[in-house]
Structures are given as C-alpha cells and as structure tokens.
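First listed ligand is number 1; within each ligand, the first listed atom is number 1. Given the structure is predicted, the values throughout are model-derived calculations rather than measurements.
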Amino acid sequence: MFETYTETLEDLKSHSHLRTLKDYEGKDEKYIYFRGQKLLNLSSNNYLGFADNREITKEFLEYAGADYSFGSASARLLTGSLPVYKELENLITDLYKSGGTLLFNSGYHANVGINSTLAGKGDVIFSDKLNHASIIDGMRLSDGKFFRYPHNDMDALEKLLLRERCNFNNAIIVSESVFSMDGDIADIRRLVALKKKYNCILVLDEAHAFGVFGQKGLGVCELMGLIDEVDLIMGTFGKSVGSMGAFVTGRKVLIDYLINKARSFIFSTALPPVNIAFSKWIIENKFPHTFEKRQRMLALGRKLGSESHIIPVIIGENDRTAEVCDILFDNGYFTLPIRPPTVPKGTSRIRLSLTTEIEERDLEKLCSIIGSINKTIKS
Ligand code: PMP
C-alpha cells in the first residue's frame with residue numbers, strides 16, 4: 001500500500017524536487033545559523049527585521065507582561081474572542097478607513113476563506129496565473145468556476161471578462177499586489193478600471209506589500225491612492241510584522257459574509273492572544289518609524305532590477321539552481337532554490353528577499369558571484 005508514496009518520493013528526488021526540512025541552528029533579524037556557519041539571510045519574509053529580534057521581543061514582553069495568554073482555546077465565534085482581537089481589527093479598519101476587518105489565523109486561511117466563500121454556485125473568479133497557492137486552493141474549494149489569466153496581462157483579462165462575465169452571477173477578480181516569487185507589481189489601476197467596467201468584486205492580496213509600501217506601510221493600494229477602490233484587501237502579519245496571522249479589510253457586507261460563511265475562519269481555534277497583541281503593538285508603535293528604512297530597502301531592490309524588495313534570479317533548471325545556492329552558501333549567503341510547482345517549470349530560481357537590515361555593501365560579493373555565474377539576473 002505504501003509503495004506508491006515511496007515511488008513518488010523517489011521520483012521527486014530523482015528530479016531534484018524533493019522537499020526536506022532543514023535543521024537551522026538559530027536566527028536573528030539579519031543572519032541565519034546553519035551547518036556551523038553564520039549566513040546573511042536572503043530567504044526570509046522578515047522585511048522589517050521584527051521577527052527573531054531579541055530586542056523587540058524583550059521590549060514587547062516588558063510591555064505585555066502576563067496580560068496575554070499563549071492560547072485562545074476556542075474559535076472566535078465560540079469563546080475565543082477577547083478584546084485584543086477586536087482592538088486589532090479596529091486598528092486595521094481605522095488605518096484603511098474601511099467598512100470592517102476580520103482576522104484570520106494565517107494568510108493561507110484568509111485566501112482559502114475569501115475565495116471559497118465569495119464565489120458560490122453560478123459565480124466566477126478571475127485569477128492571475130501567478131497567484132499564491134492559497135488563492136488557488138480557495139478557488140478549488142469554491143462551488144463557482146474559475147479562470148486564470150496570463151500574469152499581469154490586463155488585455156487578456158479584459159478579453160476573458162468580455163467573453164465570460166455575462167455567463168455568471170457574482171464575479172471576483174483576485175490578484176497579489178507584489179507577486180511573491182517575481183517581485184513585480186500588479187497593474188492595480190487597470191484592475192480597478194476593469195472591475196468597474198465589468199461589475200466585479202476586486203480582491204487584492206497585499207501579503208508582501210503590507211509593511212513595505214505606502215507612507216503608513218499599508219501596501220501598494222495606499223501608495224497609489226486606491227484603497228477605496230478595492231473591495232477587499234488581505235494582508236498578513238507573518239511577514240513585515242514578524243508575527244502570525246492575517247487580516248481582510250474592506251466592504252462591511254463582505255466582512256459580515258465571511259464571518260458567517262468562511263469555514264477556515266469559523267472552524268479553527270483563534271490565534272493566541274499574545275500573538276494578536278504583538279501584531280497590534282508592532283503596527284501601532286513600530287510601523288510609524290520605518291518609512292526611511294523601507295525607502296532605502298526599496299531603492300536597493302530597484303538597483304538590483306526589481307520593482308520591489310523581492311528579486312528573482314531565474315536560473316532555469318533545478319540542479320543548476322541548487323548548485324548556485326551552494327556556491328552562495330560557501331560565500332556566506334543563505335538562499336533557497338525555488339522550484340516547480342511553486343514556480344512554473346523551467347523557471348527555477350533563487351528568490352532574494354531584502355530586509356531593512358541588509359545594506360548595499362552586504363551584497364557586493366553576491367552580485368559579482370551571480371553576475372559571473374549567470375547573466376540572467378535582472379539588472
Ligand atoms: N499570500 C501570499 C502572496 C503569500 O506569499 C503567502 C505566504 N507566503 C500567503 C498568502 C500565506 O500567508 P501565511 O504565510 O500567513 O499563511
């Protein structure tokens with residue numbers, strides 16, 4: 001009975017696709033410690049350096065004391081809803097000036113909840129081809145139909161809308177704002193125009209933009225002055241905030257609908273209060289002092305050829321990508337090979353993610369190594 005599993009694993013291994021857990025020895029806000037080496041961490045979503053940061057943890061614990069427990073012991077709709085959850089939701093609602101906010105246990109829960117719930121029978125979702133797995137999984141769970149349009153191709157999306165929109169009741173357009181594996185940015189202005197023209201609900205996943213873009217760090221929609229034009233914005237606390245969880249903010253009717261229908265919200269124990277308190281504390285007290293650091297990080301990203309702080313170095317083949325990571329490892333850099341199915345076949349890559357802790361001089365050696373190994377770095 002277990003043979004098929006073994007065969008699949010062997011097949012994955014023979015194609016350099018096998019995923020294994022690594023025994024890291026430790027981390028701080030800038031470095032990762034692995035196989036006895038101290039390596040610059042270029043593979044983390046700790047964009048503002050708030051995770052794995054002893055100073056920040058200490059400061060928070062001094063503020064929080066024993067006020068917040070380490071378990072909620074219940075789903076929000078049962079007994080798992082203490083004041084701090086509502087306080088964080090209200091904070092997000094105030095920041096975005098939206099109709100309401102709902103916390104989810106992770107970005108994965110949020111995307112599964114949104115997409116599986118808002119598109120019911122007779123409805124349709126139009127999704128960017130490079131959208132995150134959690135969006136895809138949500139669509140798969142939905143009773144509606146979904147179409148994937150070529151990455152960031154607004155003309156192709158319009159063609160699809162023209163052909164298909166009239167065949168369905170409610171229609172949703174869903175996109176990431178900063179794409180997680182490519183670091184490029186969606187054409188939000190055009191998405192807004194299309195959602196208006198074809199009477200759709202626009203949902204944006206700002207997981208990689210929340211805490212990074214915009215004066216207040218609210219994301220690309222803030223930067224572009226388009227917050228009001230988007231029906232639902234999703235952001236996560238596991239990246240820039242250095243915590244865990246996610247929020248969905250936007251139209252009140254949609255938030256109320258999610259509270260009533262989103263199974264990934266209803267049937268899961270709420271995050272620990274201490275975690276919620278940490279997210280709230282970071283957003284209230286630390287975000288307002290990050291603007292200049294964030295601008296420097298984004299300028300470095302642009303210098304390396306990206307629109308954001310995420311820089312893909314596309315190598316192509318799995319084996320070659322792993323080899324390049326090994327060379328970088330030997331030179332003090334921690335990077336991970338990103339392979340299919342996370343990215344399309346033949347586009348295996350190293351995904352460099354900058355943080356505000358990383359300075360230009362930290363990357364000089366890396367750029368010359370990559371430049372000499374592979375000329376495909378975008379610069
Ligand atoms: N959306 C995007 C674009 C992501 O990159 C991720 C995580 N990498 C998620 C959602 C899921 O968020 P979380 O890790 O909080 O589950």
Side-chain angles (χ1 to χ4, degrees), residues 19 41-48 50-52 88 92 101-117 125 127-141 148 151-152 172-186 188 191 202-213 218-221 230 232-250 258 262-265 268-272 275-276 278-279 282-283 306-312 336-339 341-344 349 351-355:
R19 297 172 194 258
N41 191 352
L42 288 162
S43 284
S44 128
N45 298 322
N46 186 14
Y47 302 134
L48 303 181
F50 293 140
D52 307 308
L88 179 54
I92 300 286
T101 300
L102 184 64
L103 302 181
F104 279 81
N105 286 356
S106 70
Y108 189 93
H109 285 77
N111 280 338
V112 164
I114 295 167
N115 292 288
S116 65
T117 305
I125 306 178
S127 169
D128 188 288
K129 205 148 203 172
L130 293 191
N131 276 345
H132 191 256
S134 52
I135 295 175
I136 298 170
D137 290 358
M139 295 193 301
R140 284 182 179 155
L141 280 173
R148 296 170 75 195
H151 177 52
N152 253 343
I172 293 151
I173 301 174
V174 59
S175 177
E176 296 182 28
S177 63
V178 173
F179 282 86
S180 60
M181 293 298 143
D182 290 67
D184 56 346
I185 297 179
I188 300 176
L191 285 170
L202 178 60
V203 180
L204 278 186
D205 175 338
E206 295 249 37
H208 295 275
F210 181 64
V212 175
F213 284 87
L218 303 183
V220 181
C221 289
V230 180
L232 282 182
I233 292 175
M234 186 281 253
T236 55
F237 302 130
K239 305 183 195 306
S240 290
V241 182
S243 179
M244 183 68 208
F247 66 85
V248 180
T249 197
L258 290 173
R263 295 167 70 84
S264 61
F265 168 75
S268 191
T269 300
L271 285 180
N275 222 256
I276 303 291
F278 182 71
S279 301
I282 289 280
I283 295 166
S306 178
E307 291 176 66
S308 72
H309 52 309
I310 298 168
I311 304 119
L336 284 168
I338 313 276
R339 296 166 290 202
T342 308
V343 292
R349 66 193 65 187
R351 170 188 182 268
L352 304 176
S353 49
L354 301 178
T355 73

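Sorted by chain then number, the residues whose non-hydrogen atoms approach ligand 1 to under 4.0 Å are Ser106, Gly107, Tyr108, Asn111, His132, Ser134, Glu176, Ser180, Asp205, Ala207, His208, Met234, Thr236, Lys239.
Partners of Arg263 according to the side-chain contact (heavy atoms from CB on, under 4.5 Å) rule, which considers only residues two or more places apart in sequence or in another chain, are Phe267. In this structure, the side-chain contact (heavy atoms from CB on, under 4.5 Å) partners of Ser43, at least two apart in sequence or on a different chain, are Asn41, Phe334, Thr335, Leu336. The side-chain contact (heavy atoms from CB on, under 4.5 Å) test applied to Ala51 returns Asn46, not counting sequence neighbours.
Between Phe247 and Phe237, the ring-plane angle classifies as tilted under the 30° and 60° cut-offs.
Residue Ile185 comes nearest to Asn152 through the heavy atom pair O-ND2, 3.3 Å, listed as atom of the first residue, atom of the second, then distance.
The one candidate from Ser106, Ser116, Ser134 that meets the side-chain hydrogen bond (donor to acceptor under 3.5 Å, both in side chains) condition with Asn111 is Ser134.
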